[in-house]
Amino acid sequence: MTATRPAPTQSRLQAFLNSECGNADGAREALNDVGFELIEVKPAQLKERIKAAVDSGVKRILVAGGDGTIATAAGLVAGTKTELAILPG
């Protein structure tokens, strides 16, 4: 039996995936399977994309990647109302 993914909506949790991290394939599969709004980005674009999400007032984001990805996201959500979930890579 295959799970049905929800249609894209504002309520779906945005998941930012560093497309060059060591677990990118596994993270992509896991996040797609549970219906996250998956946003794959190159490391050079990560800060800009996460900042745009935080500035738009999203309640929470998830990041998947290594130390640099996690540190970048943590720095951007610090002092805001945006919650951060982490899928280490």
Side-chain angles (χ1 to χ4, degrees):
M1 185 166 146
T2 304
T4 303
R5 291 192 319 191
T9 66
Q10 288 287 40
S11 63
R12 287 179 63 199
L13 179 64
Q14 292 182 346
F16 293 88
L17 171 62
N18 175 342
S19 62
E20 296 181 9
C21 73
N23 73 338
D25 291 337
R28 183 180 303 109
E29 182 178 336
L31 294 169
N32 276 324
D33 285 350
V34 294
F36 282 87
E37 180 184 343
L38 184 60
I39 302 166
E40 291 191 52
V41 294
K42 299 282 187 191
Q45 302 165 329
L46 191 66
K47 182 175 183 177
E48 177 184 334
R49 297 294 300 273
I50 293 173
K51 183 175 183 338
V54 171
D55 289 348
S56 76
V58 295
K59 180 175 180 171
R60 71 181 57 91
I61 60 169
L62 180 141
V63 295
D67 294 346
T69 299
I70 295 166
T72 296
L76 291 168
V77 301
T80 72
K81 293 184 179 187
T82 301
E83 300 166 357
L84 176 62
I86 298 169
L87 179 61

Quick check for you: to the nearest 0.5 Å, what is the distance between Leu84 atom CG and Phe16 atom CZ? 10.5 Å
Find the distance between CG (Leu17) and CG (Leu87) and round it off to the nearest 0.5 Å. 8.5 Å
Closest approach of Ala64 and Cys21, non-hydrogen atoms and distance? O-SG, 4.2 Å
Indicate the atoms forming the closest heavy-atom contact of Ala53 with Ile61, along with that distance. CB-CG2, 4.4 Å
So if I apply the side-chain contact (heavy atoms from CB on, under 4.5 Å) rule between Leu62 and each of Leu31, Ile86, Ile39, which one comes out positive? Leu31
Report, one line per pair, each donor and acceptor closer than 3.5 Å where one atom sits in a side chain of residues 65-79; sequence neighbours left out.
| residue | atom | partner | partner atom | Å |
| --- | --- | --- | --- | --- |
| Thr69 | OG1 | Asn18 | ND2 | 3.1 |
| Thr72 | OG1 | Gly68 | O | 2.9 |

Considering only residues two or more places apart or on different chains, which pairs with a residue in residues 53-65 satisfy side chain to side chain donor-acceptor pair (under 3.5 Å)? Lys51-Asp55, Arg60-Glu83
Please collect all salt bridge (Lys or Arg N to Asp or Glu O under 4.0 Å) contacts where either partner lies in residues 14-32, sequence neighbours excluded, each pair once. Glu20-Lys42, Asp25-Arg28, Arg28-Glu40
